[in-house]
> 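First the structure, which I've put down as structure tokens, then a few questions once you've had a look.
Just so it is clear, the values below take in all heavy atoms, side chains as well, and ignore hydrogens, waters and symmetry mates. Quick note: residue numbers are just sequence positions, from 1. Keep in mind the model is a prediction, meaning the values are calculated, not measured.
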Amino acid sequence: MDNAAAARTGTEATGHAARLEKALGVVLGTGQIPLRLRAWDGSEAGPAGAPVLEFRSRRALRRILWSPGQLGLSRAYVAGEIDAPGDIFAAFTALSSAGKFAEPGPFRPPSAKELWLLLRTAVRLGALGPNPAPPPEEARVAKKGMMHSRRRDAAAISHHYDVGNDFYALVLGPSMVYSCAVWPDDAAERPAASGATAADGTLDTGLDAAQEAKLDLVCRKLGLQPGMRILDVGCGWGSFAIHAAARYGVSVVGVTLSTEQAGLARKRAAEAGLTGSVEIRVQDYRDVQDGPFDAISSIGMSEHVGRAQMPAYAAALFGLLRPGGRLLNHAISWNAGPTSPDPDSFIPRYVFPDGEMISLGEMVDALESARFEVLDVEALRRHYALTLRSWVGRLEQNWEEAVQLAGAGRARVWRLYMAASAIGFENGLTGVNQVLVRRPGGEEPPLRRSAWL
């Protein structure tokens with residue numbers, strides 16, 4: 001009986017997979033791993049029926065030897081040397097729940113003894129060799145100057161958002177909203193939440209309705225009225241600006257550091273007949289000088305600001321608001337207590353270079369320290385998990401086109417990033433919150449939050 005046949009019948013594997021299982025156990029700091037490993041020789045090892053993680057070459061093990069932990073595994077996945085050929089959510093959920101990966105904060109590297117065991121495995125499998133170069137999709141914004149300088153922030157934003165508007169349209173759909181949607185109560189039980197297809201074979205449009213609901217919720221929380229002048233910080237492809245101008249009769253100045261986003265946002269505003277009421281600028285929020293504004297939206301932008309710069313961010317927006325004006329800050333939060341996200345992990349290296357998640361408490365403290373009055377806080381953690389699952393569904397359904405548009409490596413980055421992020425929201429490691437504040441003075445806000453809900 002060959003190794004593959006032995007694996008299928010549940011008997012002990014004797015090929016490369018058995019050694020790989022021990023190696024991954026060393027990296028995770030645990031005994032048996034909750035995955036079925038498939039090696040490049042066709043052998044398999046691990047619990048029968050568990051999600052499959054496929055090692056396609058020895059080079060994957062070499063990457064893990066040089067960078068034990070999440071970074072080595074991620075590089076191998078982006079390079080196509082590791083794959084999760086079945087349900088990617090099941091595979092990553094199993095991996096993230098095992099050993100050191102289940103611990104919040106920076107990854108604890110293997111001990112000297114564990115590294116020696118890993119090295120021995122690599123020798124036996126012929127995987128020794130020089131450190132492979134990182135996949136080209138890895139960010140290199142550190143060469144652009146001091147962290148959160150204007151030049152380096154522009155480089156970080158470009159790395160993330162200038163992937164190609166057509167690629168984003170494939171994943172996000174016609175709403176072109178790249179932030180957490182707001183779903184109805186029954187969304188978790190409906191196929192739309194996972195990006196499933198409708199009966200006629202087309203992708204379910206539940207996501208588009210949920211994104212429109214989010215945009216309208218922001219408008220209501222800001223108390224938009226015809227004639228108001230709004231600042232949209234980190235305006236993306238202009239979806240909020242267009243919605244607010246078309247539905248509420250306001251004029252909007254949107255600022256972004258992405259030239260690709262700005263170009264498409266202007267085109268969309270023109271096609272909607274809103275050129276006179278929607279202005280899109282390639283501009284750092286710190287350089288906006290033409291306030292005051294009646295209201296400010298910041299949707300999925302403050303994650304790029306950085307913990308040290310958060311007080312200055314809050315103070316700058318306070319200064320751009322008229323008395324009585326409201327700010328809606330919609331941001332991902334770090335929910336894992338006093339630990340911090342690992343700056344050397346996959347998302348900082350490949351997705352959000354220089355991005356920093358802070359806790360909800362830190363965000364509220366920064367806003368209050370800038371003299372804002374807090375009106376409302378709404379947690380949307382489960383909504384973001386549903387949103388991300390929908391984006392993964394769209395990406396997987398259009399995989400071949402996504403690869404043509406952005407390349408196989410970039411498409412794999414996004415599949416890994418969105419699936420892993422969904423799991424992070426589901427297990428509570430991360431959250432997302434809308435914090436509504438106002439600059440004191442002017443008219444008083446409504447007595448009850450039902451005014452905008």
Side-chain angles (χ1 to χ4, degrees), residues 104-105 146-150 152-153 156-157 179-180 217-218 221-223 229-235 240 253 255 257 283-341 343 348 352 354-381 429-447 449 452:
M146 184 181 300
M147 183 179 285
H148 296 301
S149 65
R150 284 165 170 76
R152 182 156 161 175
D153 276 353
I157 293 298
S179 55
C180 174
L217 177 62
V218 174
K221 286 183 176 182
L222 289 174
R229 185 166 179 258
I230 314 303
L231 176 63
D232 186 20
V233 182
C235 65
F240 172 77
V253 173
V255 296
L257 295 179
Q283 186 178 36
D284 193 296
Y285 76 94
R286 291 167 286 195
D287 295 329
V288 176
Q289 301 292 332
D290 54 336
F293 293 88
D294 296 300
I296 299 176
S297 59
S298 179
I299 306 172
M301 178 272 174
S302 60
E303 298 91 334
H304 297 286
V305 171
R307 175 177 279 105
Q309 288 72 32
M310 195 56 64
Y313 162 83
L317 299 189
F318 184 92
L320 288 168
L321 265 179
R322 65 164 174 81
R326 302 180 200 174
L327 161 68
L328 187 287
N329 195 86
H330 173 122
I332 298 171
S333 63
W334 178 250
N335 288 357
T339 61
S340 298
F352 285 112
D354 292 349
E356 293 181 76
M357 292 182 292
I358 64 174
S359 70
L360 172 61
E362 289 176 292
M363 176 61 73
V364 171
D365 181 62
L367 293 169
E368 287 191 321
S369 295
R371 295 183 290 140
F372 279 112
E373 174 191 359
V374 176
L375 299 179
D376 186 60
V377 177
E378 183 175 8
L380 299 172
R381 176 184 63 81
L429 185 66
T430 49
V432 62
N433 306 284
Q434 288 188 349
V435 181
L436 180 65
V437 297
R438 70 186 285 268
R439 177 170 174 163
E443 68 275 14
E444 289 286 355
L447 288 173
R449 65 198 304 265
W452 53 76

> Checking Ser298 against Tyr285: is there a side-chain donor and acceptor pair closer than 3.5 Å?
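Judged by distance alone, the side chains do not pair up.
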> Going by the side chain to side chain contact (heavy atoms under 4.5 Å, CB included) test, name the single residue among Leu328, Leu320, Asn329 that passes it with Ile296.
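Testing Ile296 for a side chain to side chain contact (heavy atoms under 4.5 Å, CB included) against Leu328, Leu320, Asn329 leaves exactly one candidate, Leu320.
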> Would Val218 and Gln434 count as a side chain to side chain contact (heavy atoms under 4.5 Å, CB included) if you check the C-alpha gap in whole Å, the side-chain angles of each, and the deciding distance to 0.1 Å?
CA-CA 9 Å; Val218 174; Gln434 288 188 349; 3.7 Å; yes
> Please report the closest heavy-atom contact between Leu222 and Arg326, naming both atoms and the distance.
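What the structure gives for the nearest pair is CD2-O, 3.6 Å.
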> Checking side chain to side chain contact (heavy atoms under 4.5 Å, CB included) for the pair Lys221/Asp376: CA distance, chi angles, key distance, verdict?
CA-CA 9 Å; Lys221 286 183 176 182; Asp376 186 60; 4.0 Å; yes
> Roughly how far apart are Leu317 CG and Leu231 CG, rounded to 0.5 Å?
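Reported value, rounded in 0.5 Å steps: 7.0 Å.
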> Grab the two heavy atoms, one from Gln289 and one from Arg286, that are nearest each other, plus how far apart they are.
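Looking at all heavy atoms of both residues, the closest pair is NE2-O, 3.9 Å.
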> Below 4.5 Å, heavy atoms only, C-beta onward: do Trp334 and Thr430 meet side chain to side chain?
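They are in side-chain contact.
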> Roughly how far apart are Asn335 CG and Leu360 CG, rounded to 0.5 Å?
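Spacing of CG (Asn335) from CG (Leu360) equals 8.0 Å.
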> Leu436 versus Arg449: any side-chain heavy-atom pair under 4.5 Å?
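No; the side chains remain at least 4.5 Å from each other.
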> At their closest point, which heavy atom of Pro311 faces which heavy atom of Ala308, and how far apart are they?
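In terms of heavy atoms, the two residues are closest at CD-O, 3.6 Å.
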> Minimum heavy-atom separation for Ala366 and Ala314, please, with both atom names.
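Taking Ala366 first and Ala314 second, the nearest heavy atoms are O-CB, 3.6 Å.
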> Using only atom types and a distance under 3.5 Å, with no angle test, would you say the side chain of Asp294 pairs donor to acceptor with the backbone of Arg229?
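Yes, the answer is positive, given that a donor and an acceptor are paired below the 3.5 Å cut-off.
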> What's the shortest heavy-atom distance between Met357 and Ser333, and which atoms?
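Of all heavy-atom pairs spanning Met357 and Ser333, the closest is SD-O, 4.3 Å.
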> Would you say Glu303's side chain and Ile332's backbone share a donor-acceptor pair under 3.5 angstrom?
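Looks like yes, one N/O pair under 3.5 Å.
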> Output the distance between atom CG (Asp365) and atom CE (Met310), rounded to the nearest 0.5 Å.
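Here the rounded value is 11.5 Å.
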> What is the distance from atom CG of Leu327 to atom CZ of Phe293, rounded to the nearest 0.5 Å?
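The distance works out to 12.5 Å.
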> Calculate, to the nearest 0.5 Å, the distance between atoms NE2 and CG belonging to His304 and Leu257 respectively.
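Between atom NE2 of His304 and atom CG of Leu257 there are 9.0 Å.
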> Strictly distance-based, threshold 3.5 Å: is any side-chain N or O of Arg439 a donor or acceptor partner for the main-chain N or O of Phe318?
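Between the backbone of Phe318 and the side chain of Arg439 there is a qualifying donor-acceptor contact (under 3.5 Å).
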> Supply the atom-to-atom distance Glu362 CD to Arg307 CZ, rounded to the nearest 0.5 angstrom.
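Separation between the atoms: 4.0 Å.
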> Is there a side-chain contact between Val435 and Val437 in this structure, where contact means two heavy atoms from C-beta onward sitting under 4.5 Å apart?
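Answer yes - side chains close enough.
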> Do you know which two heavy atoms are closest between Val288 and Val255, and how far apart they sit?
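Minimum heavy-atom separation between Val288 and Val255: CG2-CG1, 4.0 Å.
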